[in-house]
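Data block below; observations after.
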2 protein chains.
Amino acid sequence: MTESGTRRAGRPRKAVLTRERITANALELVSDGGYESLTMQRLAKSLGVSPSALYNHVDSKHDLMQWIQELVMTDIDTTIFDTEPLTEALMQWATSYRNVFARHIPLIPIIAVLPVSDSPRTLSMYERVAEALKDYGLAENEIIPTIVALESFIFGSAMDTAAPHDIFDTTNHQDLTPHFTQAVAAQRKTQLNTSDDSFQRGLSAMITGLLAKGNAS
Amino acid sequence: MTESGTRRAGRPRKAVLTRERITANALELVSDGGYESLTMQRLAKSLGVSPSALYNHVDSKHDLMQWIQELVMTDIDTTIFDTEPLTEALMQWATSYRNVFARHIPLIPIIAVLPVSDSPRTLSMYERVAEALKDYGLAENEIIPTIVALESFIFGSAMDTAAPHDIFDTTNHQDLTPHFTQAVAAQRKTQLNTSDDSFQRGLSAMITGLLAKGNAS
DNA sequence: ACCTGAACACCGTTCAAGT
DNA sequence: ACCTGAACACCGTTCAAGT
């Protein structure tokens, strides 16, 4: 079985524009200058090629975004379902999921409507979560709504991460919004990051509620 | 005080390009052809004016989007906080909130990071919700995280609304994802719309958990 | 004060022509 | 099979020139 080392005769394979190289360069552009700097022209330049050459390897920019999405899913940890109790595992999984997409916000509208069959890694993640929920004893017809609800919260929370820290500043309207202004002050005094605090509270509330038996109204 | 009826002399006021007219036409473009058809050029044409003329009245397209956002907030009902018990009121408010932004998905990334002081109607909505939460007895420092968590779920759920109905179709991968495939089948048998079902379950789970006393871990 | 027309600096994408 | 260069059909935005 040791075929490694042997090499098919001829054709040394330039292998210049592979999916791997394209997505790697795309991710580099993104981490350097955000998604605004991910354009087909700049990507082509980073690969030392003309923009039109890209279209021999990827159908559209939207397709490229799906490639990136697929790559980025690698960072989400599902191994904790093997060891931790369900509630704890869901918390950790959701947290890593949110943190990954907080760094890739423009991918959210794409993954949110992407058929699972177009993203093998997303699909296998779902499979692992579905299995864990079933083992826990959740009713079969509750598994998908549970996953979708958690995901919606995860995506929304990832987007919230981009909000400026002073988004709730009301110094110009204090008199008109007394309760809100006071609530903002009270939260600020906790010294907690608002996004993180909200995510943790919402997540633990939702998980508790979703896993409770007979919560169907 | 009856100044109505009197009219300042001179200047009959053409009033051709007002904020009201601009946003009204923009909304019409959106409802006719979605947000893809909302471009400055088409908006100008619908107003019978050249594209550059728009920039005498609005600073940028992003600013225009904020105008639309502000207008759209009108559709969200907060009067139920006056009559219904908190849990029921939150459910109805969140549902109308989600349904509004399901029709305006491209506004979500904008409102998610928009300082409240730039959107009076959003601010007054927050004030009403904050007051209701305080009257209920929620701790002062829990009010903001509660609102933010609900909003994140609302935004994520609004986006989920755009997913194709067959997003979970796995006919090509059944063998690799047995649990997930079975869960999809079970949910499908309920005949419920997946987005609506997930939203309702997630919302009621989250509200219950967030309003429970001493849920801080 | 507000409009027009031309222009600018980009986008994503297509396509004939080359090797 | 894969690349280049030119072109197309758009974007949002600016600005001198008009009234």
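Note on naming: letters A, B, ... go to the chains in the order of the sequence lines (proteins, then strands), and numbering restarts at 1 for each one.
- The CD1 atom of A:Ile22 sits 12.5 Å away from atom CG of A:Leu27, with the distance rounded to the nearest 0.5 Å.
- Across all strands shown, B:Thr39 has heavy atoms under 4.0 Å from sugar-phosphate atoms exclusively, and none from any base.
- Partner of B:Val100 under the side chain to side chain contact (heavy atoms under 4.5 Å, CB included) criterion, chosen from B:Leu107, B:Asp75, B:Thr95: B:Asp75.
- Annotation: the span from A:Thr194 atom OG1 to A:Asp160 atom CG amounts to 8.5 Å, rounded to 0.5 Å.
- Looking at A:Arg98 and A:Asp196, a side-chain N of the basic residue comes within less than 4.0 Å of a carboxylate O on the acidic one, giving a salt bridge.
- Across B:Leu47 and B:Asn25, no two heavy atoms sit closer than the pair CD2-ND2, 3.3 Å.
- With a 4.5 Å cut-off on side-chain heavy atoms, B:Tyr97 and B:Glu151 count as touching.
- Between B:Lys134 and B:Glu131, none of the side-chain N atoms (NZ, or NE/NH1/NH2) sits under 4.0 Å from a carboxylate O, so this pair counts as no salt bridge.
- In this structure the side chain of B:Gln69 never reaches within 4.5 angstrom of the side chain of B:Val72, judged on heavy atoms.
- Remark: B:Ser52, B:Tyr55, B:Ser60, B:Lys61 in residues 51-70 of chain B come within less than 4.0 Å of DNA chain D through at least one heavy atom.
- Between B:Phe180 and A:Tyr126, the two ring planes are parallel [angle under 30°; tilted spans 30° to 60°].
- Bounding nucleotides for the chain B contact on DNA chain C, 5' to 3', at a heavy-atom distance below 4.0 Å, are C:dC2 to C:dG5.
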Pair pattern of DNA chain D in dot-bracket, where unpaired bases get dots and | marks partners in another strand, Watson-Crick or G-U under 3.5 angstrom: ||.|||||...|||||.||
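- The aromatic rings of B:Phe199 and B:Phe153 sit parallel to each other, their planes meeting at less than 30°, with 60° as the upper class boundary.
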